[in-house]
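Following: one structure in structure tokens, then a few remarks.
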There are 2 protein chains.
Amino acid sequence: MAENAVRADTSTRTVERALDLLGVVCDGGAVSLTDAAREAGLSASTALRLLRTMETSGFVRKDDDGYRAGMRIVQLGALALSHESLVPLAAEAMKRLVAETGESAYLNVPASGGPNAGHGIYIAVQEGTHSVRHTSWVGRSIELRGTAAGQVLRGETPAAGYVVVSNGVEPDVTAVAAPVLVGGQIVAALSVVAPSYRVSDDEAHRIGALLAAEASTILSDRPAA
Amino acid sequence: MAENAVRADTSTRTVERALDLLGVVCDGGAVSLTDAAREAGLSASTALRLLRTMETSGFVRKDDDGYRAGMRIVQLGALALSHESLVPLAAEAMKRLVAETGESAYLNVPASGGPNAGHGIYIAVQEGTHSVRHTSWVGRSIELRGTAAGQVLRGETPAAGYVVVSNGVEPDVTAVAAPVLVGGQIVAALSVVAPSYRVSDDEAHRIGALLAAEASTILSDRPAA
DNA sequence: ATTTGTATTTCACTTATTGAAACTTGCTTT
DNA sequence: AAAGCAAGTTTCAATAAGTGAAATACAAAT
């Protein structure tokens, strides 16, 4: 943590430290003061003061086992999720998918507008290198039935971690999708769609494995292996 | 913002300010520097410095329209939901509710600081056995007016310990909700939602009593009686 | 009772933070 | 084109906010 050496003078050291510490606390279950201080590179008394500040404002909570993420971070995280923040988060993963498969990648979320919506929405697209489609998909609906992304959004992902649909709603098209999960809950579907003539069974499963791996990185700290 | 008058000397003013400002930014879509500074009660130059700090560490991002929630808050929020915090704690209670009622169970938190927020956020769903819907609601908004969960989040729970709303915002739907409390503070609403044709008055009250009992176990050490 | 490790408090010191003022930028109006 | 206005950005003197080493408290193990 040699942040002092590289810190621009337009920043605020105290806040940086607090936010680092917040990351440490959110990274696992309970963490002790001593461990949190060590991981953040702070003295115990400094870490205690910062943790107490974040506890007062609800970002952190303390129980018998140590410090944990508090309700405030949950609220702000969920709030951020409801404001299109998933799109920039997924951008790198989608670019990698396009680079790896040559096909177009899509991000879908469930539609709002009541519990009978029955469809999803495209919120992001990365066109593949082979793509002959240049129409914009963002904002459009997707059926939950007969589509790979739809199955994912319906919670019907098999244990393999992805869904393959060949010649479903759209003839001559193979779609592969994997869920983006938060706390075990499905918040989005990441998918790759290609003409069936270009995708063998083996290729579909290779893409599926890629998708599952990329989807699992979108809301975590760790990059794809 | 008379925080100077009441601030304990165990806290850190700079961090408090930054976290307040983070809440302001996460509360909506894009916010300008001037508006963010005013809402947080800071000078423009102080707010700019704090926002830059949070931008550098990824908690906030800036685009042409202003400042928005950054990837880091989404990641930490997702991590917080995944670890031993409210969602996993509520999962067992929600599963029991689904098993007992056959209907879908939901967990909502206030969107931001308390009953004037105007809406809440879904952070967990357990689908009922009768459910024809399989869409995810994490991150979605819920109106506080005309909904059972909304009334609970607004602090309007009657002495019975639960709220029943039939044919409210949503026609032909009955919703029952109870508060999850920490130290007397409402941190979440636990609810069950079903089509009204399936839920008599008596059944709604039975579900309400179940909900109140389950909600009371979520953040306590004691199992349901 | 002693030892060890974690958590908490204390306080002298200094530097990190602050915000008013000046400046820059961009847009609108005259 | 010039003037006006608002938002954004930079500057810098002043001070109080933040720091961490040391002391203290606490709890568990021996």
Side-chain angles (χ1 to χ4, degrees), chain A residues 1-57 59-70, chain B residues 1-57 59-70 84 221:
Chain A
M1 279 258 176
E3 79 274 5
N4 286 340
V6 300
R7 185 174 66 92
D9 66 356
T10 55
S11 200
T12 303
R13 188 180 70 161
T14 303
V15 173
E16 284 174 18
R17 287 176 156 188
L19 296 178
D20 279 349
L21 198 55
L22 182 58
V24 168
V25 170
C26 292
D27 212 25
V31 63
S32 69
L33 170 66
T34 308
D35 287 343
R38 192 184 56 244
E39 289 190 43
L42 302 170
S43 72
S45 56
T46 299
L48 180 63
R49 197 182 306 109
L50 295 178
L51 284 169
R52 278 194 171 148
T53 302
M54 293 191 285
E55 186 181 1
T56 300
S57 56
F59 282 85
V60 161
R61 66 187 168 96
K62 184 171 187 290
D63 63 26
D64 289 345
D65 299 321
Y67 290 92
R68 303 174 185 272
Chain B
M1 278 258 172
E3 79 273 6
N4 286 342
V6 298
R7 185 171 67 92
D9 66 356
T10 56
S11 199
T12 303
R13 186 180 72 160
T14 302
V15 174
E16 284 172 20
R17 288 176 154 190
L19 295 178
D20 279 351
L21 197 54
L22 180 58
V24 167
V25 170
C26 291
D27 212 24
V31 63
S32 70
L33 170 67
T34 309
D35 287 344
R38 191 184 57 244
E39 287 189 46
L42 302 171
S43 72
S45 56
T46 300
L48 180 63
R49 196 181 306 111
L50 296 178
L51 284 169
R52 279 192 170 149
T53 302
M54 293 190 285
E55 187 181 1
T56 299
S57 58
F59 282 84
V60 162
R61 65 187 170 98
K62 186 172 186 287
D63 63 26
D64 289 346
D65 300 320
Y67 290 93
R68 299 175 185 272
E84 300 175 19
D221 286 341

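Letters A, B, ... mirror the listed sequences (proteins, then strands); counts begin at 1.
- Whole-Å rounding puts the A:Arg38 CZ to D:dG20 P distance at 17 Å.
- A straight line from CD of B:Glu16 to C1' of D:dG18 spans 13 Å, rounded to a whole angstrom.
- Spacing between atom CG of A:Leu21 and atom C1' of D:dT19 amounts to 15 Å, rounded to whole angstrom units.
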(request) Carefully, step by step, assess B:Tyr67 and B:Glu55 under the rule side-chain contact (heavy atoms from CB on, under 4.5 Å). (result) CA-CA 9 Å; B:Tyr67 290 93; B:Glu55 187 181 1; 4.1 Å; yes
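- In this entry the distance linking CG of A:Asp64 with P of D:dA27 reads 12 Å, nearest Å.
- Taking 4.0 angstrom as the limit, B:Thr14 places a side-chain polar atom (N or O) nearer than this to OP1 or OP2 of C:dT18.
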(request) Given side-chain contact (heavy atoms from CB on, under 4.5 Å), test B:Met54 with B:Thr56 step by step and report yes or no. (result) CA-CA 5 Å; B:Met54 293 190 285; B:Thr56 299; over 6 Å; no
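- One can place CG of A:Leu51 at 14 Å from C1' of C:dT6, the figure rounded to the nearest angstrom.
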(request) Determine, step by step, whether B:Thr14 and B:Leu50 satisfy the side-chain contact (heavy atoms from CB on, under 4.5 Å) criterion, reporting the C-alpha distance in whole Å, the side-chain angles of both residues, the deciding distance to 0.1 Å, and the verdict. (result) CA-CA 9 Å; B:Thr14 302; B:Leu50 296 178; 4.3 Å; yes
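- A search for side-chain contact (heavy atoms from CB on, under 4.5 Å) contacts involving B:Ala30 returns B:Asp65, B:Arg68, not counting sequence neighbours.
- Annotation: side-chain contact (heavy atoms from CB on, under 4.5 Å) contacts of A:Ser32 (sequence neighbours excluded): A:Thr34, A:Asp35.
- Counting only distance, with no hydrogens or angles, the side chain of B:Thr53 and the backbone of A:Glu16 share no donor-acceptor pair below 3.5 Å.
- Remark: A:Ser45 engages A:Ser43 in a side-chain contact (heavy atoms from CB on, under 4.5 Å) (not counting sequence neighbours).
- Look at B:Arg52 and you'll find a side-chain N or O under 4.0 angstrom from OP1 or OP2 of D:dT10.
- Across the helix from C:dA1-D:dT30 to C:dT30-D:dA1, the helix axis at one end is tilted relative to the axis at the other end by 40° (nearest 10 degrees, each axis from five pairs).
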Show me the protein contacts with nucleotides 19-21 of chain C, counting only N or O atoms at under 3.5 Å.
unit_1: C:dG19; atom_1: OP1; unit_2: B:Arg17; atom_2: NH2; d: 3.3
unit_1: C:dG19; atom_1: OP2; unit_2: B:Thr46; atom_2: OG1; d: 2.5
unit_1: C:dG19; atom_1: N7; unit_2: B:Ser45; atom_2: OG; d: 3.1
unit_1: C:dG19; atom_1: O6; unit_2: B:Arg49; atom_2: NH2; d: 3.2
unit_1: C:dA20; atom_1: N6; unit_2: B:Ser45; atom_2: OG; d: 3.2

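- Judged by distance alone, with hydrogens and angles left aside, the side-chain atoms of B:Asp20 form no donor-acceptor pair with the main-chain N or O of B:Gly23 at under 3.5 Å.
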(message) B:Ser11 vs A:Arg52, test: side-chain contact (heavy atoms from CB on, under 4.5 Å). Steps then yes/no.
(response) CA-CA 6 Å; B:Ser11 199; A:Arg52 278 194 171 148; over 6 Å; no
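- A straight line from CG of A:Leu33 to P of D:dA27 spans 16 Å, rounded to a whole angstrom.
- Nearest-nucleotide positions on DNA chain C place A:Tyr67 closer to the 5' end than the other of A:Tyr67 and A:Val15.
- Between the CG atom of A:Leu50 and the P atom of C:dT17 there is a distance of 11 Å, rounded to whole Å.
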